[in-house]
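One structure is given below, represented as structure tokens, and several questions about it will come after.
Nothing here was measured: the structure is a model prediction, and the numbers come from that model.
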Amino acid sequence: MVGETGRCGSVYGGVAEPCTVILFGASGDLAKRKVIPAMYDLAAHNALGPRYAIVGFARTAMTEDAFRASLGEAAKTISEVGPIDPKKWDEFASNLYYCPGDYGNQEAYAQLAKRLAELEASKNLGSNRLFYLSTPPEVYSDIVEQLGRAGLARPSSPESWVRIIIEKPFGRDLASAKELNKIVLNVFDEKQVYRIDHYLGKDTVQNLLVLRFGNGIFEPLWNRNYVDHVQITAAETLGVERRGGFYETAGALRDMIQSHVLQLTSLVAVEPPAAFDATAVRNEKLKVLQSIRPFNLEMVAQSIVRGQYAPGKIGEPVPGYRDEPGVNPASKTETFVAGKLLIDNWRWAGVPFYIRTGKRLAKRSTVIMIQFHCAPHIVFREREVEPNRLVLNIQPDEGISISFGAKRPGTEMSIGNVTMDFSYREGFGDTTRSAYATLLNDCVRGDATLFDRGDSVEAAWALVDPILDVWSATRTAKVPQYPAGSWGPRESDLLLEREGRQWYNP
């Protein structure tokens, strides 16, 4: 058995133990688009275990044949895992089962326990179980408590394991996150809980750690002596689509900043861990979050910008946020957030981290840009020499680029900026897997390195809560509009221009 903190890597290597995956919310959109395709991808590469079963649990009444057929139809439209091999899909589908039930019904969990016992006996699966919560967040507590009451939260023997994956959002503020943590940890031990953020499954995100700690040329420069500032952008061209009702209760700050963007920030700023295992890496990430200067009213006014997309054009005319289905026509929910973070520790003192996320922006792109200080003295005739930049492209084109000055051809000492690019696809071939598959692969092997811990979730909410409080107290304040297809409101540009900088737009 792989230890709870043993790192096996994100490549589908090694042999997983037989297990049963119980997927709550199995009839939902996330399960069909992301989770089931990821499980198929693992199974197709013999990485889900020599024997396995996947049991769907949802409120929708349907037979197992209908469940398999619905997933088969959905799989045909999934491009993330590539073309579906009909033979491998049929083999995978034969291991799919279904139990309908209400999430708060104790009898449904008794039936689930009975079904699991039957499958584990007939398929010789042992009693390793992975519960996956792919449901609306409001039923997380019901599911966790019912699993505890049904006796399903504890391993049946010292050789077996039980784990639970919980999707974001983990709470909607600090108080609710603490309450959910309390409920979860009353039923499960922390080492059993895997809070998933799919951004951390992307190869380029993981490669950030390799770039720093696996090479001798970057880490000596990774500090305030050489880095001028850091920018993290998570931009989407899509609007809220059919999720207007949900987005009205969330907004970009809760949806993206509290989770994805702060996760990326902690990975950029993290200190070298004593070992590359779950405990050491997550301890260092927590220290970063605890070192970010807390926000007060004045800092929110000066360092945080919000915005909301208005009608515009992205290939074709698109509506504004307030015109989307399910959205209040007078809504002040933010679809864009930009901010400046300061990390109060020895490595990063005085180095601003600029973060930005938004919907209906000019380009779909998630990038981390590290800009270095200019050379202290330019000895050439040209004084305008661009600063060196290291850019990590997280999505959609995963890769790394670094820019530097070079002499242009000719008799004059003229300097131009050039870029060296590394592309994952060109360097390693088209071998990347979905982030969900990577994280599921880690979970079935007991590696929690890329998953969030309870104290880290609470630390992130502690940073975000004061911003939410200020916005709540200033409900009459105007939310700046930005045209769809732009890079956000003008106030976002001013945030950097005041300090003589500008956004890096990929």
Side-chain angles (χ1 to χ4, degrees), residues 173-174 223-224 227-235 250-270 285 287-309 332-359 361 366-371 373 387 458-482 486-505:
D173 53 25
L174 179 58
N223 56 63
R224 61 187 174 86
V227 175
D228 178 79
H229 72 279
V230 177
Q231 295 183 26
I232 300 174
T233 295
L253 188 68
R254 287 186 173 98
D255 189 42
M256 292 292 292
I257 298 293
Q258 185 276 333
S259 53
H260 302 327
V261 176
L262 285 180
Q263 286 285 345
L264 295 178
T265 302
S266 65
L267 285 173
V268 173
V270 72
K285 286 174 59 183
K287 290 177 186 177
V288 173
L289 295 175
Q290 293 173 333
S291 299
I292 296 175
R293 188 175 300 176
F295 285 94
N296 55 31
L297 176 61
E298 182 180 358
M299 288 178 63
V300 172
Q302 293 179 349
S303 301
I304 301 294
V305 171
R306 56 177 165 166
Q308 187 184 86
Y309 67 82
K332 293 193 174 182
T333 300
E334 78 286 354
T335 63
F336 175 97
V337 177
K340 172 185 172 183
L341 306 178
L342 294 173
I343 300 176
D344 293 328
N345 62 23
W346 278 57
R347 181 183 290 269
W348 297 112
V351 178
F353 279 62
Y354 299 104
I355 59 176
R356 175 176 60 163
T357 186
K359 290 187 174 295
L361 296 183
T366 300
V367 297
I368 299 169
M369 191 278 287
I370 294 95
Q371 182 163 307
H373 290 303
E458 293 180 11
W461 277 119
L463 289 168
V464 166
D465 256 18
I467 303 172
L468 293 169
D469 290 343
V470 170
W471 288 352
S472 178
T474 56
R475 292 177 183 173
T476 58
K478 184 179 178 181
V479 178
Q481 301 283 298
Y482 61 95
S486 69
W487 279 106
R490 173 63 180 154
E491 288 83 351
S492 171
D493 296 327
L494 293 174
L495 182 67
L496 273 71
E497 289 175 7
R498 290 197 302 261
E499 299 176 351
R501 301 183 176 99
Q502 63 183 20
W503 285 109
Y504 170 79
N505 292 327

Side-chain donor or acceptor of Thr335 paired with backbone N/O of Tyr309 under 3.5 Å: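 Yes: the side chain of Thr335 pairs with the backbone of Tyr309.
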
For Asp465, all residues meeting salt bridge (charged side-chain N to carboxylate O under 4.0 Å, His left out), sequence neighbours excluded: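 For Asp465, no residue satisfies salt bridge (charged side-chain N to carboxylate O under 4.0 Å, His left out) once neighbours in sequence are set aside.
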
Gln371 (side chain) donor-acceptor with Asp228 (main chain) under 3.5 angstrom: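 Here the side-chain-to-backbone pair does not exist.
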
Restricting to side chain to side chain contact (heavy atoms under 4.5 Å, CB included), what partner residues turn up for Leu342, sequence neighbours left out?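 Here the qualifying residues are Arg293, Lys340, Pro352.
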
So, taking the atom named NZ in Lys359 and the one named CG in Asp255, what distance separates them when rounded to the nearest 0.5 Å?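 Between Lys359 NZ and Asp255 CG, I get 6.0 Å after rounding to 0.5 Å.
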
Is there a side-chain contact (heavy atoms from CB on, under 4.5 Å) between Asp493 and Gln502? Walk through the geometry before answering. CA-CA 7 Å; Asp493 296 327; Gln502 63 183 20; over 6 Å; no

For the CG atom of Leu468 and the CG atom of Leu253, what is their distance to the nearest 0.5 Å?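 One finds 5.0 Å between CG of Leu468 and CG of Leu253.
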
Would Thr233 and Met369 satisfy side-chain contact (heavy atoms from CB on, under 4.5 Å), going step by step from the backbone distance to the final call? CA-CA 8 Å; Thr233 295; Met369 191 278 287; over 6 Å; no

Looking only at non-hydrogen atoms, find the nearest pair between Trp487 and Leu361 and report the distance.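 For Trp487 versus Leu361, the nearest heavy atoms are C-CD2, 3.9 Å.
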
Donor-acceptor under 3.5 Å (Trp348 side chain, Phe353 main chain):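 No; judged by distance alone, with no hydrogens or angles, the pair does not exist.
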
Going through the checks in order, is the side-chain contact (heavy atoms from CB on, under 4.5 Å) test met by Met256 and Ile355? CA-CA 11 Å; Met256 292 292 292; Ile355 59 176; over 6 Å; no

Under the side-chain contact (heavy atoms from CB on, under 4.5 Å) criterion, do Phe336 and Arg356 qualify, and how do the steps go? CA-CA 8 Å; Phe336 175 97; Arg356 175 176 60 163; 3.8 Å; yes

Is there a donor-acceptor contact under 3.5 Å from the side chain of Ser291 to the main chain of Lys287?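 Present.
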
Going by heavy atoms in the side chains, are Ile467 and Val337 under 4.5 Å from each other?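 No, side chains not in contact.
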
With side chain to side chain contact (heavy atoms under 4.5 Å, CB included) as the test, pick out the partner of Leu341 among Ile232, Ile292, Val261.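 The option that passes is Ile292.
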
Would you give the length of the straight line joining atom NE2 of His229 to atom CD of Glu499, rounded to the nearest 0.5 angstrom?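 It is 9.5 Å, given to the nearest 0.5 Å.
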
Taking every non-hydrogen atom, the tightest pair across Leu496 and Gln231: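 That would be CD2-NE2, 3.7 Å.
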
Starting at OG of Ser259, measure out to CZ of Arg254 and round the result to the nearest 0.5 Å.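 If we round to the nearest 0.5 Å, Ser259:OG and Arg254:CZ are 12.0 Å apart.
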
What's the shortest heavy-atom distance between Ala338 and Trp503, and which atoms?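 Answer, listing the atom of Ala338 first, then Trp503: CB-CZ2, 4.0 Å.
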
Look at the side chain of Gln290 and the backbone N and O of Ala459, then say whether any donor-acceptor pair between them is shorter than 3.5 Å.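 Pair absent, no side-chain N/O of Gln290 close to backbone of Ala459.
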
On a heavy-atom basis, which atom in Gln302 and which in Leu495 lie closest, and how many Å separate them?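 What the structure gives for the nearest pair is O-CD1, 3.5 Å.
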
Atom CG of Leu297 and atom CG of Asp469: how far apart are they, to the nearest 0.5 Å?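 Here the interatomic distance stands at 10.5 Å.
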
CD/Glu458 to CG/Leu174 distance, rounded to the nearest 0.5 angstrom?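 Reported value, rounded in 0.5 Å steps: 6.5 Å.
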
Check: Pro387 main-chain N/O paired with His373 side-chain donor or acceptor under 3.5 Å: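 Here the side-chain-to-backbone pair does not exist.
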
Would you name the heavy atoms of Ile370 and Ile368 that are closest together and state the gap between them?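 Closest heavy-atom pair between Ile370 and Ile368: CD1-CG2, 3.8 Å.
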
Taking all non-hydrogen atoms of both residues, which atom of Phe295 and which atom of Leu463 are closest, and how far apart?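 Nearest heavy atoms, Phe295 then Leu463: CD1-O, 3.9 Å.
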
Return yes if some donor-acceptor pair links the side-chain N/O of Glu491 with the main-chain N/O of Arg306 below 3.5 Å, else return no.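 No: the side chain of Glu491 does not pair with the backbone of Arg306.
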
